[in-house]
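Step one of this worksheet: look at the structure below.
When a residue number appears, it is its place in the shown sequence, counting from 1.
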Amino acid sequence: MVKRSFAAMEEKTEDASPMQVELETGGYERGSLLTLLSRPSPYSNEFGALPMGEFEPIPKPAAGMATSDLPPTPLSKSKVLVIGAGGLGCEILKDLAMSGISNVHVIDLDTIDVTNLNRQFLFRQKDVGSSKAKVAAEFINTRCPWMNVVAYHGNIKDKPADFYSTFNVILSGLDNVEARRWLNATVCGLVELDEDGDPDPSTIIPIVDGGTEGFAGQARVILPRITSCFECSLDAFPPQRNFPLCTIAETPRRPEHCIAYASILQWPKEFPDKKLDNDSPEDMQWVYKRALERAEKYNIAGVTYMLTMGVVKNIIPAVASTNAIVSAACVSEAVKLLTFMSQNLNTYMMYMGAQGVYCHTFVYERKDQCPVCSSAIRKIVLKGTDTLNQLIQQLKEGDLRLQAPSITSGSGKTLYMVKPAALEKATRPNLHKAVSSLIDSGEEL
């Protein structure tokens with residue numbers, strides 16, 4: 001793929017972009033990313049707590065220099081991946097465009113729902129039902145001609161590890177824990193270690209992870225095998241909240257109980273052969289109406305369509321201003337990681353906007369026994385008759401909280417593999433065999 005510079009693509013638009021206006025009026029002298037990129041700084045990356053490289057200023061553009069004569073910058077030459085094109089992803093794509101990071105790829109599995117339109121500003125009514133990633137990419141490319149956004153509509157897990165190794169920085173706007181865990185493990189697995197066990201810097205792909213929850217949000221810098229990874233902080237995420245079935249069925253007291261009753265109990269009775277699709281407006285309208293009927297029966301107020309979506313999808317209401325603040329923090333960190341012109345966040349920033357505008361930063365320490373970013377060996381006690389399936393259940397239900405583990409022996413023998421389907425079928429008989437019969441004494445898994 002041909003990489004195009006921010007300056008070269010600006011010439012294709014008839015209307016002057018913000019950076020073009022600044023340059024033609026000498027505005028870069030007052031302040032822009034070109035100002036920061038073209039002058040030395042005592043606060044550059046190599047002087048920070050997480051040094052990733054040495055800052056090398058670009059030649060300072062002369063006053064009145066044409067945009068076509070501007071030198072390429074590390075921003076225009078970088079390749080960035082944005083994961084998620086929802087509330088946070090739309091803001092991130094906009095910020096990347098305004099920062100001159102032109103070579104961007106975006107991936108998202110979701111399609112556009114009418115409820116997204118109040119805050120996901122890259123979408124319009126006509127886009128409902130279309131791919132978020134494709135519509136967002138088309139909007140940015142059309143509105144900002146210097147951009148080259150490539151879209152992928154699909155699951156991040158369907159992409160091979162080599163796909164992620166081609167990027168300079170990954171910006172994550174994911175909305176669930178398990179997808180973050182998968183991305184974290186995949187990118188950490190790309191890091192190569194030397195003979196002393198130290199990571200090869202050229203194989204480290206930084207992850208800038210953002211998340212929002214109402215008026216609260218966070219931005220985090222993960223340098224695989226150097227800083228703490230997402231798995232190190234897994235204990236900070238409580239298990240998903242569930243309502244007691246007896247309360248839902250017998251003594252509902254809250255609007256959420258009525259919605260859960262409609263989706264968990266009424267839907268299977270009404271549609272025994274159809275699974276509830278929480279992305280279907282028709283299915284969600286049915287749940288909303290049944291929940292409203294039950295709420296009226298028990299004199300419970302507060303059942304709304306938006307709340308129904310939140311309970312069924314386990315969604316926390318999003319606030320556009322929070323998305324804007326967190327995305328700006330994430331893109332600022334990406335700019336610093338790509339150019340080394342300033343010191344990186346070390347390693348976690350929390351934004352709390354419910355009571356005011358307050359931010360707090362701290363270092364999230366690495367977990368010594370982290371199964372992803374450490375080389376620690378975990379000891380698990382099994383009985384001689386315990387099967388491979390019992391071991392897998394222990395890995396799922398224990399503190400590791402693995403979702404669908406595959407297991408190979410230290411000698412390279414595949415004991416069980418979840419994917420592809422053919423390999424899963426071939427290794428399935430091992431599930432009922434004792435672990436002691438599948439490996440040698442002292443062998444690691």
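- Looking only at side-chain heavy atoms (C-beta outward), N148 and S102 stay at 4.5 Å or farther from each other.
- In this structure, the side chain of N141 does not engage the main chain of E138 through any donor-acceptor pair within 3.5 Å.
- D198 pairs by the side-chain contact (heavy atoms from CB on, under 4.5 Å) definition with D194, D196, not counting sequence neighbours.
- Under the 4.5 Å side-chain criterion, counting only non-hydrogen atoms from C-beta, L338 is in contact with V80.
- Nearest approach of P224 to P206, heavy atoms of both residues: CD-CA, 4.3 Å.
- With a 4.5 Å cut-off on side-chain heavy atoms, N346 and V221 do not count as touching.
- Sequence neighbours left out, the pairs with a member in residues 327-338 that pass side-chain hydrogen bond (donor to acceptor under 3.5 Å, both in side chains) are D95-S327, E333-K336.
- For Y358, the side-chain contact (heavy atoms from CB on, under 4.5 Å) partners two or more places apart in sequence, or in a different chain, are M352, H360.
- The aromatic rings of Y152 and H105 lie parallel to each other, with less than 30° between the two planes, well short of the 60° mark.
- R220 has its side chain within reach of S228: a pair of non-hydrogen atoms, C-beta onward, lies under 4.5 Å apart.
- Side chain of T322 to main chain of G214: a donor-acceptor pair is present (N/O by atom type, distance under 3.5 Å, no hydrogens or angles).
- Two residues are said to be in side-chain contact when any heavy atoms from C-beta on lie closer than 4.5 Å; D113 and M284 fail this criterion.
- A heavy-atom distance below 4.5 Å is found between the side chains of M349 and C359.
- Taking 4.5 Å as the limit, some side-chain heavy atom of L96 sits within range of a side-chain heavy atom of L171.
- Counting only residues at least two apart or on different chains, the side-chain hydrogen bond (donor to acceptor under 3.5 Å, both in side chains) pairs with a member in residues 40-54 are S44-E46, N45-N344.
- With sequence neighbours excluded, the residues forming a side-chain hydrogen bond (donor to acceptor under 3.5 Å, both in side chains) with T166 are K79, listed by chain and number.
- Under the rule for a side-chain contact (heavy atoms from CB on, under 4.5 Å), the partners of A133 that lie at least two apart in sequence or sit in another chain are V106, D108, S131, A151.
- The side-chain heavy atoms of I112 and Q120, taken from C-beta on, include no pair separated by under 4.5 Å.
- The side-chain hydrogen bond (donor to acceptor under 3.5 Å, both in side chains) check on K134 picks up nothing, with sequence neighbours excluded.
- Taking the side-chain contact (heavy atoms from CB on, under 4.5 Å) definition, one finds that P268 meets it with nothing, sequence neighbours left out.
- When the side-chain hydrogen bond (donor to acceptor under 3.5 Å, both in side chains) test is applied to D283, the partners found at least two apart in sequence or on another chain are K274.
- Listed by chain and residue number, nothing satisfies the side-chain hydrogen bond (donor to acceptor under 3.5 Å, both in side chains) test with T347 (two or more places apart in sequence, or in another chain).
- Within the 3.5 Å criterion, the main-chain N or O of P72 finds no donor-acceptor partner in the side chain of S76.
- Counting non-hydrogen atoms of neighbouring residues, nucleotides and ligands closer than 6.0 angstrom, the NZ atom of K289 reaches no more than 12 such neighbours.
- Under the rule for a ring pair (Phe, Tyr, Trp, His ring centres under 6.0 Å), Y351 has no partner lying at least two apart in sequence or in another chain.
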Can you give each donor-acceptor pair under 3.5 Å made by side-chain atoms of residues 182-191, sequence neighbours left out, with the distance rounded to 0.1 Å?
| residue | atom | partner | partner atom | Å |
| --- | --- | --- | --- | --- |
| N184 | OD1 | F230 | N | 3.0 |
| T186 | OG1 | W182 | O | 2.9 |

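- A distance-only check finds a donor-acceptor pair linking the side chain of T203 to the backbone of E192 [under 3.5 Å].
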